[in-house]
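Values in this document were obtained by computation on a predicted structure and should not be read as measured data. Convention: sequence-line order gives letters A, B, ...; per-chain numbering from 1.
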Amino acid sequence: MSEVIAWFSDPSNWQGSTGVPVRLWEHVWISAVSVAVATVIALPVGLYTGHTGRFAGVAINLANIGRAIPSYAVLVMVLPISLSLAPVLGYSPNLGLSFIPTFTAMVLLAIPPILVNAHAGLQAVDRDLIEAARAMGLKEREILGQVELPIAMTVIVGGFRTAVLNVIATATIGAIVSFGGLGRFIIDGRLRGVAGIPELISGAILVTVLAVTVDLLLGGLQRRITPDGVKIAEGQSFELPKPALSPAS
Amino acid sequence: GGGAAGTDDPTVRIGSDNFYESRLMAEIYALVLEDAGYTVERSFGLGSRQERAPAFEDGQIDLVPEYVGSGLGYYDATQITGDGETNRERLATVLADKGITVFGITPGEDTNAAVVRQATADELGLSSMSDLAAVQADLRWGLPPDCDENPLCKGALEQYGITYPPAERESLAACDVPIAEALNGDAIDFAWLCSTQPAIVQYGFVVLEDDLDTQPAENIAPLVRNDFLEQLSDADAFQALLDGASAGMTTEELTRLGVEVSVNQREVDEVAREWLEAQGLLGD
Amino acid sequence: MQEGRPLIDWVWISSNPDDILERVLQHIQLTALPLVLGFLISLALAIWALRQPRIYTPVIALTGLLYTVPSLAAFAVLRPIFGLSLLTAIIPLTTYTLLILFRNIVAGFQSVPPDVLEAAEAMGYTRRQRLWRVQIPLAVPLTIAGVRLAAVTVIGLATVASILGDAFGGLGQFITEGLQQLFPTKYLMGAALSVALAYLAHVLFVRLEKAVTPWATARARGIG
Amino acid sequence: MVAPVGRAANPGRTLNRVTSHGGNAATVEFDHVTKHYDAVEGKNGTPGAVNGLSLKVPAGKICVLVGPSGCGKTTSLKMVNRLIEPTSGRILLDGVDASSRDVIELRRGIGYVIQQVGLFPHQTIEENVATVPRLLGWDQSRRMTRASELMALVGLDPGKYARRYPSQLSGGERQRVGVARALAADPPIMLMDEPFGAVDPIVRERLQNEFLRLQEDLAKTILFVTHDIDEAIKMGDLVAVFQLGGTVAQFGTPAEILSQPASDFVTRFVGSDRGLKRLSLFRVSDVALETVPTARVGDPVAPALAKLASHPFEYLLILDHENRPLGWAHRERLLLIEKITPDLANPSSPVLDRRTTLKDALSQLLEADVQAGLVADRNGALRGVLTVDRIADFARLQSISPLAQDGLDED
Amino acid sequence: MVAPVGRAANPGRTLNRVTSHGGNAATVEFDHVTKHYDAVEGKNGTPGAVNGLSLKVPAGKICVLVGPSGCGKTTSLKMVNRLIEPTSGRILLDGVDASSRDVIELRRGIGYVIQQVGLFPHQTIEENVATVPRLLGWDQSRRMTRASELMALVGLDPGKYARRYPSQLSGGERQRVGVARALAADPPIMLMDEPFGAVDPIVRERLQNEFLRLQEDLAKTILFVTHDIDEAIKMGDLVAVFQLGGTVAQFGTPAEILSQPASDFVTRFVGSDRGLKRLSLFRVSDVALETVPTARVGDPVAPALAKLASHPFEYLLILDHENRPLGWAHRERLLLIEKITPDLANPSSPVLDRRTTLKDALSQLLEADVQAGLVADRNGALRGVLTVDRIADFARLQSISPLAQDGLDED
Ligand SMILES: Nc1ncnc2c1ncn2[C@@H]1O[C@H](COP(=O)(O)OP(=O)(O)OP(=O)(O)O)[C@@H](O)[C@H]1O
Ligand SMILES: Nc1ncnc2c1ncn2[C@@H]1O[C@H](COP(=O)(O)OP(=O)(O)OP(=O)(O)O)[C@@H](O)[C@H]1O
Ligand SMILES: [Mg+2]
Ligand SMILES: [Mg+2]
């Protein structure tokens, strides 16, 4: 334990391109980009299946099972492909070495919870409400935007939170392919054996603290983004917070 | 089976590191012992030396194949030499305190190899590591994450006049798949591989000569726990079996078997058995 | 990759059925043990949380914390402590199930309609009878949904256990070896089999849920 | 004096068959019972959900608690089986303080039926019905026999329904299962909280009638909550009208409540057609019938004409040989003939059963061409004629001295 | 001939003020409309949820669709705003086929109120009410003005409720918001599916009356679904009684339905007190009143006694100087005095407003000591006396020729 404290108090671990601030920034950056892209992919699909009920079985089952795809396998499977595509597509081989494999693995990791929650959130919206909206002459787009989305927002953000949590915890594997991020401390620590354990634990603590902090921030966002009326209504019927991670999907 | 094993002899718990060559040697030793009637329990793939060594020292395994150079370097980097037998003796001395015996080494070795692509070598006229200093700024270096503390890495590079750390550097574990792929894929220009690593043959990489002899001799020897040896009815016969197996393993054979596993994608146990049979080391 | 070798080498697959089976069984063991353990722990926590709603938030925070510990780090830290035993692999995998299982079990209990609980109380069920005969059976659908989700997640995570050594490799072993051998058949199969296993678990639990909740209407069950 | 009818809307019912302590029933008595809810997180506590309630329900009677939303009906009910404990006061069951009894054992002896039914969704109908017997440790075969018996009792074919789950039943069927379940251990007391509130009016009416028919044989002591005054009048031997603040505005028989509302609140609550509602408490057989000039088919016309002459009525009622009324004939049609023939009879009057309520009888009379209802006995023979005037007179007499009319047995 | 009352239960209402195409209303016509549901996963399709429905609702009228559960009422309603598309047949709104119109624009012109209310939980009351105006692109201030106006219209103080959320309202208040929201864009047609089904009877009655009062001014064309026949009679200008299988058993005015049920099904559906229900369609002012012997306070007794002698009645009705009735005095009490004094008057008769329904009047008469209701004009001056007999006679006449009585304006 004292070695971990020593690691944290060693100024050299906080400086330069291998210091905590830089690693933290890299970690946040890859996580943000991956979740953003996953959102762009998964949200429309989830909203579509949730709103229409069409292809729901296929999409949700795929997403659920997709949770089992090992990120490590994705990482190393993508590596040769992304490297060999670099000259073809003209991007820097460095991207192909570290960013693309890490990014791909993280996007695949983030898609399932976002998709499943978007779907489940919309499905949970009272059918009568949607019918009332339709009867008032709201177009399908307006129903989605003005009724379903605001009401389902809590659940949707819940899926987003899960995705972020998963990605922050798992983006550490990017270090295997020379990506920076907090995983560096863990991977490097491992390589150094017993001597590296303080560094490794420090890395793990940094990841966990980052994940929990971001999760709390998103929790705040979630509360803020939940319409007041929905909050009040839920306050009347729930004693305990609803599960956001796995909406009984 | 040969029948060197006594009926009361304990099970041999053999470990290995998590890469094919260590597995291969461990499997060779395991097969030889089984052939002689020993019962073997395999705990292969225990990770890197740093991870495996504590488990071995704790007595969770009895025998493990080790590279005498790096193995010695793990305990005392100042003692390493370019001679295999010397390294073995020094390692044996270091390990004697820990109750570990070092058996005989293989004639063949698998050293750390500084590697560049053929095209890079041609373009920059590289053939030995001494050539690197002049072009160091033009290269993207693939170095293991622990290079900083590793005299065989950082120390060696500095010996060759390379400013450490280099400006462009990727952290990639030595001898691993990603570093070889990265080199092949032009994401780096310099990589630390292992001299028997099939990727070198496969991708036609150029191994730069270690003209200053910075890298230790890396012959392979089984490390065995003394508390295990003491339980054997015939420890000498046991060592003779393993030394016999090690004796046939030349660098060429190591490289060839590596190709069998990694390029021809054959299973380690199959390749090991085939080699032992070809060497006439199995009873039948 | 060698020229002329197909991406999927069926010959290799067909000549190594024992190996594949062994790894699959190992993977199942690596998944099942944490699931069972995680379930028991979560159930206990959930029952506690139902009696003492105050602990819900702290438990969620703690299990959430455990959930975010990177698995590589967890394995590496535990190995010096627990050595090469199965425990080293099981403990982190178990902790990863807690968040999902705990949340779903609690949600399952909360899904019991209040009028049903009141009816039970009014008919003279003791607290214990109410728990075992009403709350637990009715919490089953959401609980199984949680187990299903946890199973799928752990099946994916268990591949990482291969860093502990071949003995705990499971399907992750194929991925590691396949990469070292540059043998796509192996790593693709490792990944594919773990997804297939996840699918089987998914189907199994969906079936199980149907089988043990013959009362549930198709609608209440929802999708996924 | 007219024999009153506790609840006449259910013609098959003979309330007085039930003797006070006959059957398996117990008295229920509220003795200055008060319940204050504590303020809970953010919500204010209710100063008095129930305030000093004193009420005595004789064994074997249905006591309906009726009143607007939030007036404490449910709270009162739940204090009987101690789902809620009173803040002060006692509840006596057969004279024994409920709070002194073991709560589990107490509850197993009290049937409980609620609007949401609260069936166990994971158990079959049979298992649901056999819940309390199982708790009481009855063996399997006895339980199943009992379950079948009860399902038959509430009108559900056991062969068809026993193995179904609640989700496979309609709302009305579920309510029946709820009643069957509450009856399973033959509890002396039943608590019913808006048991028919969630079903549509047609089904509700049927369930009410069926339940009253059941109660004839069961003779349980029943506390029945509703906010529908019509249901209260129909179902109750006694009605307690609650008002906001958890006090009883009036406690009495339906007849008392309707004829002598104790306050403006009760008057408004029973509604503007109170007079007509009260008529539904009485039956045709309760009214002294009129006699009218009659003649049998085949009789000579002359004596009939003579009868008519001495009567203000201008119509002759023609009967068949068994004295069954065939219809009316105007005096003028008789002038030119000699014998009474069936074709003279104009059947434009309603024929009233003696068990029809006066309200329904009045309704039928108002619609008829000849507003005189023919009342027949079991064999169809004429007993007399009921006119709107007679009903009006009866109503007037009843409202002058309603209490004297009220013969509900008291314990 | 008596002027009929479309719905007399709401005394403030004067139906005939609404001219056929006056106000913003449209005719709604079902022209051989049939709806078959497709079989969906496991469920069987419904052979005919609605079968060959033809129905014409004049502009500005309320047409109630009533019938047992599952008979196709909701389905019929939803075909009007095309939430459900008919399998065959046409629905014409002001003569234009609904299916030919843009569905969004069509719906914005049709108000829709459902039992579950369907308020948006994430929007304030104000925002909920202004939903359609927002869709129509009204600017903020106009929307807010309109929302306030509508909230006031349905009896909700905008200052108090505008910023609340639906979950902070009681069931009755929510229903009002639902109505306000449906009215927001002043649609010519309103569809209401059991709008008052979820609130308790007391609140429901109030909402019904308020809505009828509103409709007097609004004069929308309204399709109103209920399964409560009393509500149907109260709310409907026209009533369509549906039966299972999605056909109309009878379509007509409430009076027609009550006096001439077209089939056994309708008879059973309207219930056994049909005759009394029908009385609720008429008011005291519809009946020719009786004249009785009267005398003013201060008049000499002799002429009054003479009047009494020539009358079968034994009571004298005493009036004050403005002809307001004070009460009855029996003939015998007049014998020994000279002048009529106020203290002779015994006020034991109900005083009936001319707008009271006959049903309520009858109810009051039945309870009274002297069963003669005093009917006064606006100033309280006597207009005449209403007796049970008069009501009975009136009812008989109505049931002989109900159709001739029916003066509902047709388009
Ligand atoms: N658990 C509780 N905590 C605080 N107040 C309560 C609680 N339960 C009921 N109340 C309040 O006590 C009063 C009486 O409630 P109760 O449920 O007995 O009314 P009710 O007559 O059954 O009404 P309804 O017809 O709506 O069922 C109400 O004001 C209610 O809000
Ligand atoms: N979407 C649907 N798919 C299949 N059948 C349906 C569907 N909606 C309604 N039905 C069936 O059509 C028939 C008429 O339904 P509808 O909802 O119109 O009845 P309703 O008269 O409104 O009944 P309620 O009074 O219960 O609301 C019923 O048998 C119902 O089960
Ligand atoms: Mg209640
Ligand atoms: Mg409907």
Side-chain angles (χ1 to χ4, degrees), chain D residues 9 67-70 170-172 194 197 199-203 205 226-231 258-260 268-269 271-280 348 350 356-372 387-389 391-400 402, chain E residues 9 67-70 170-172 194 197 199-203 205 226-231 258-260 268-269 271-280 348 350 356-372 387-389 391-400 402:
Chain D
S69 205
S170 76
E194 307 201 24
V199 292
D200 78 41
I202 297 166
V203 176
E205 165 116 21
T226 178
H227 55 221
D228 177 356
I229 183 70
D230 290 319
E231 188 169 59
L258 288 174
S259 51
Q260 302 205 306
R268 259 184 303 120
F269 194 80
S272 58
D273 57 348
R274 181 154 63 85
L276 289 169
K277 280 192 179 120
R278 203 148 54 85
L279 283 186
S280 67
S348 51
T356 307
T357 67
L358 285 187
K359 185 179 171 198
D360 285 351
L362 178 61
S363 181
Q364 287 180 48
L365 290 182
L366 288 176
E367 285 188 294
D369 276 358
V370 178
Q371 292 178 324
T387 59
V388 174
D389 280 345
I391 294 177
D393 283 348
F394 178 84
R396 188 160 50 85
L397 285 171
Q398 290 298 319
S399 57
I400 291 169
Chain E
S69 205
S170 77
E194 309 201 22
V199 291
D200 77 39
I202 297 165
V203 176
E205 166 116 20
T226 179
H227 54 220
D228 176 358
I229 184 69
D230 290 318
E231 188 169 59
L258 289 173
S259 52
Q260 304 205 307
R268 260 184 301 119
F269 194 78
S272 59
D273 59 347
R274 182 153 63 87
L276 291 169
K277 280 191 179 121
R278 204 147 55 83
L279 284 186
S280 66
S348 52
T356 309
T357 67
L358 286 187
K359 186 180 171 196
D360 286 350
L362 177 61
S363 180
Q364 289 180 46
L365 289 182
L366 288 176
E367 283 190 292
D369 276 357
V370 179
Q371 292 178 324
T387 59
V388 173
D389 280 347
I391 295 178
D393 283 350
F394 178 84
R396 187 159 52 84
L397 285 171
Q398 289 298 321
S399 59
I400 292 169

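- The heavy-atom pair separating E:G275 from D:S363 by the smallest distance is N-OG, 2.8 Å.
- With D:L276 as reference, E:L276 is the one residue of E:L279, E:D360, E:L276 to meet the side chain to side chain contact (heavy atoms under 4.5 Å, CB included) rule.
- Every residue two or more places apart in sequence or in another chain that forms a salt bridge (charged side-chain N to carboxylate O under 4.0 Å, His left out) with D:D273 is listed here: D:K277, E:K359.
- The line from CD of D:E367 to CZ of E:R274 is 4.0 Å long, rounded to the nearest 0.5 Å.
- Within the 4.5 angstrom heavy-atom criterion, only backbone atoms of E:L258 (N, CA, C, O) approach chain D.
- In terms of heavy-atom proximity, E:L366 sits nearest to D:A395 at O-CB, 3.3 Å.
- Applying the salt bridge (charged side-chain N to carboxylate O under 4.0 Å, His left out) rule to E:D393 yields the partners E:R396; only residues at least two apart in sequence or on another chain are considered.
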